[in-house]
K.L.:
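Take this structure first; my questions come after.
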Amino acid sequence: TFEGSSSGRIRLTDFYLSYKEKGWPNFDERQEFMQQLGVLDESDAEQTRLIIPNYLLNPLNCEGPWSYYATCYINECELLMGHLERALGSPEAPPNVIAQEVAALPS
């Protein structure tokens, strides 16, 4: 449940519910830890929100054993799948529609 197409935020309660409903083990960090990472918007004390870009690009999603730099990246496959999912607008589609959307992908 995103707050809008351009806010880049999700209510923290919705974030936790989403990962529990889908059984995703990777999205279970404690709120205190997320505060340390700087991924929370706590400007409204009644509704803490997760800042999605900050969360995705946090140091835990970076590779490299070096203390002075790391390579942060976004999985390109996830970006392409997100584009495809938005274009289709449903969990199922006929093969020819999927093929047409895949052919139009940006990479």
Side-chain angles (χ1 to χ4, degrees):
T1 307
F2 291 96
E3 294 179 4
S5 60
S6 63
S7 76
R9 288 165 170 71
I10 185 172
R11 291 184 323 192
L12 192 58
T13 53
D14 292 338
F15 174 77
Y16 283 131
L17 285 174
S18 177
Y19 96 81
K20 286 180 182 178
E21 288 172 357
K22 294 184 175 39
W24 296 336
N26 298 349
F27 303 110
D28 62 352
E29 293 92 349
R30 299 179 64 83
Q31 184 170 348
E32 295 81 14
F33 180 69
M34 287 198 243
Q35 286 171 323
Q36 293 175 342
L37 289 175
V39 302
L40 297 180
D41 174 356
E42 298 177 296
S43 59
D44 179 350
E46 294 182 18
Q47 264 193 344
T48 299
R49 295 170 296 197
L50 178 83
I51 305 168
I52 297 168
N54 292 15
Y55 180 78
L56 292 176
L57 296 174
N58 80 69
L60 297 177
N61 292 332
C62 299
E63 63 180 30
W66 312 279
S67 60
Y68 52 92
Y69 76 93
T71 304
C72 297
Y73 60 94
I74 296 175
N75 184 332
E76 185 177 346
C77 293
E78 290 297 322
L79 294 174
L80 294 173
M81 284 301 295
H83 180 80
L84 187 58
E85 289 168 355
R86 284 187 301 279
L88 295 173
S90 70
E92 297 178 4
N96 62 323
V97 173
I98 295 172
Q100 181 180 2
E101 291 300 331
V102 168
L105 286 172
S107 79

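Note that these values count all heavy atoms, side chains included, but never hydrogens, waters or copies made by symmetry.
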K.L.:
Can you see which heavy atom on L50 is nearest to which on Y55, and at what distance?
P.N.:
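L50 and Y55 have their closest heavy atoms at CD1-CD1, 3.9 Å.
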K.L.:
To the closest 0.5 Å, what do you measure between OG1 (T48) and CD (Q35)?
P.N.:
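Separation between the atoms: 7.5 Å.
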K.L.:
Counting distance only, does the side-chain N/O of N54 pair as donor-acceptor with the main-chain N or O of G38 below 3.5 Å?
P.N.:
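Looks like yes, one N/O pair under 3.5 Å.
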K.L.:
Given side chains that start at C-beta, do those of I10 and I52 come closer than 4.5 Å, heavy atoms only?
P.N.:
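Yes; the side chains approach each other to less than 4.5 Å.
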K.L.:
Can you give the donor-acceptor pairs under 3.5 Å from side chains of residues 89-104 to other protein atoms, not counting sequence neighbours?
P.N.:
residue: S90; atom: OG; partner: E92; partner atom: O; Å: 2.5

K.L.:
Indicate yes or no: at least one non-hydrogen side-chain atom of L40 is less than 4.5 angstrom from one of I51.
P.N.:
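Of all side-chain heavy-atom pairs linking I51 with L40, none is under 4.5 Å.
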K.L.:
Just verifying a value: how many Å separate Q31 CD and Y16 OH, rounded to the nearest 0.5 Å?
P.N.:
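That separation rounds to 6.0 Å.
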K.L.:
Could you walk me through whether L12 and M34 satisfy the side-chain contact (heavy atoms from CB on, under 4.5 Å) test, starting with their C-alpha distance in whole Å, then the side-chain angles of each, then the deciding distance to 0.1 Å, before giving a yes or no?
P.N.:
CA-CA 10 Å; L12 192 58; M34 287 198 243; 3.9 Å; yes
K.L.:
Within the structure provided, determine whether Q47 and R9 are in side-chain contact (heavy-atom separation under 4.5 Å).
P.N.:
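No; the side chains remain at least 4.5 Å from each other.
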K.L.:
How many angstroms lie between atom NE2 of H83 and atom CG of L88, to the nearest 0.5 angstrom?
P.N.:
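Answer for the NE2-CG pair, H83 versus L88, is 9.5 Å.
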K.L.:
Provide the closest heavy-atom pair for G8 versus P53 in the form atom of the first, atom of the second, distance.
P.N.:
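Where G8 meets P53 most closely, the heavy atoms are O-CD, 3.5 Å.
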